[in-house]
Amino acid sequence: MTRKNNETKRRLLLAALGAALVTVAAVQVASGGVRGSAEPGRLAFRAELNMRGELGDCPAGTPSGVRCGLRHGSGFVRGLGSVSESYVNLEQLNAEGCPDLFRVLPKTARFTVAGKGTIDFAVPASTGCYSDARDQVLTPTYPPFTITGGSGVYAGASGSGTLTHRVHRLFSCPCAAGTDVWVGSLVVPGLAFDVTAPTLSGAAGKTVRAPRGASRVRVTYKVVARDAVDGAVPLSCRPRSGSRFKIGRTVVTCSATDRSANTRTASFTITVIAGR
């Protein structure tokens, strides 16, 4: 009877463990970047975007003495993907406390994430005064920004963080170029952010023998990239499969990036032995 009871307990334990494993697997599959989770999603992000700007028309109702610059930038942000930014930079000339200088006024900015939606930011006025001279690099500082909403998968977005400008005001034209660095936390209820890189398979070393007298030989290999959320993703390998490899050892490096800007790289060695 004792042996029978122990066997029954063992079966119940295995059944419970199996159910738990199924539940864990389901959570992992669902966490790839789609809506549906009851828990709010949070992403700690760093967006370093190449920025360029030029003078433009100010929005209706802008006070006199304000100069408006149309700014736009782009880059890749882990957890989001391909991002473009746009905003109107408002500069108050001879602002109070800034004689013969200017202060950057509060502004709104927008991230457009390719294929996913938009994220809106409110940035306070700069904390310092800045010279209007050309051919200089400015680094305005701001109090923390807030995320005020979004669209698409980012509907209901909130969060906060800091913005750092590094702006080169060009001498040759009334324009600017530089880098915008946004660092903060983005919260979107019900969205599980994808921060896992694709997997690469087939990145294994290979040895081939060259024909007698040949200094190079054409070598093919097969590496594939797959992402838990996006499925198959584009892959770049250098040197490419089918290239002519010289006698000796050559390192091949492959890289794949998913739609949320998560990148995986892998390297392997092709060895070519001289023919006899």
Side-chain angles (χ1 to χ4, degrees), residues 24-52 71-87 107-123 142-166 178-201 203 224-236 253-266:
V24 170
V27 170
Q28 290 174 339
V29 171
S31 67
V34 294
R35 284 191 175 275
S37 170
E39 297 296 324
R42 182 181 296 271
L43 174 70
F45 67 92
R46 185 180 191 276
E48 185 170 336
L49 307 179
N50 294 322
M51 181 276 297
R52 189 166 182 86
R71 300 274 177 90
H72 48 85
S74 61
F76 293 92
V77 182
R78 183 171 181 267
L80 297 180
S82 176
V83 173
S84 59
E85 66 171 359
S86 60
Y87 57 91
K107 56 177 169 283
T108 59
R110 171 167 289 179
F111 280 8
T112 299
V113 184
K116 298 180 182 180
T118 62
I119 306 169
D120 295 326
F121 299 77
V123 182
Y142 303 89
F145 64 72
T146 56
I147 297 174
T148 59
S151 67
V153 301
Y154 306 113
S158 62
S160 62
T162 59
L163 167 63
T164 303
H165 282 314
R166 181 175 174 82
T179 304
D180 287 344
V181 180
W182 306 75
V183 179
S185 178
L186 170 63
V187 178
V188 182
L191 179 65
F193 292 95
D194 177 11
V195 293
T196 302
T199 58
L200 304 184
S201 58
V224 296
R226 188 165 186 83
D227 185 68
V229 177
D230 303 328
V233 294
L235 177 73
S236 174
T253 301
C254 298
S255 177
T257 302
D258 65 18
R259 293 180 62 243
S260 296
N262 302 300
T263 299
R264 177 88 65 189
T265 60

Hey, what's the ring geometry for Tyr87 with Trp182, parallel, tilted or perpendicular (30° and 60° as the breaks)?
-> perpendicular
Kindly give the heavy-atom pair with the smallest separation between Phe145 and Ile147, and that separation in Å.
-> CE1-CG1, 4.1 Å
Taking the side chain as C-beta and beyond, is there a heavy-atom pair between Thr112 and Ser86 under 4.5 Å?
-> no
If every non-hydrogen atom of Leu43 is compared with every non-hydrogen atom of Arg78, which pair is closest and at what distance?
-> CD2-O, 4.1 Å
So CZ of Arg110 and CD of Glu85: to nearest 0.5 Å the spacing works out to 13.5 Å
Measure the CG-NE2 distance between Leu163 and His165 for me, rounded to the nearest 0.5 Å.
-> 4.5 Å
Phe193 versus Gly79, closest heavy-atom pair with distance | CD2-O, 3.8 Å
Looking only at atom types and distance, does a side-chain atom of Asp230 sit under 3.5 Å from a main-chain N or O of Arg259, one as donor and one as acceptor?
-> yes
Sequence neighbours excluded, the answer for side-chain contact (heavy atoms from CB on, under 4.5 Å) partners of Thr253 is Val251, Ser267
Flag yes if more than 12 heavy atoms outside Tyr142 fall under 6.0 Å of its OH atom; otherwise flag no.
-> yes
Judged by modelled atom types alone, do Thr118 and Ser151 share a side-chain donor-acceptor pair under 3.5 Å?
-> yes
Mind listing the closest non-hydrogen atom pair of Ala232 and Arg226 along with its distance?
-> N-NH1, 3.4 Å
Atom pair OG1/CG of Thr164 and Asp180 - distance to nearest 0.5 Å | 9.0 Å
Exercise: do Ser185 and Arg42 side chains pair donor with acceptor under 3.5 Å | yes
Can you name the closest pair of heavy atoms from Leu200 and Thr265 and give their distance?
-> CD1-C, 4.0 Å
For the pair Arg264 (side chain) and Thr199 (backbone), establish whether a donor and an acceptor sit closer than 3.5 Å, ignoring hydrogens and angles.
-> no
In this structure, which one of Asp227, Asn262, Thr263 forms a side chain to side chain donor-acceptor pair (under 3.5 Å) with Thr257?
-> Thr263
Any donor-acceptor pair under 3.5 Å from Asp194 side chain to Thr196 backbone = yes
Work out which heavy atom in Pro234 is nearest to a heavy atom in Ala256; give both atom names and the distance.
-> O-CB, 3.5 Å
Starting at CZ of Arg71, measure out to CZ of Arg52 and round the result to the nearest 0.5 Å.
-> 11.0 Å
Under 4.5 Å between any side-chain heavy atoms of Leu80 and Leu186, yes or no?
-> yes
Separation between CD1 (Ile119) and OG (Ser158), nearest 0.5 Å, reads 11.0 Å
Between OG of Ser160 and CZ of Phe121, what distance do you get to the nearest 0.5 Å?
-> 10.5 Å
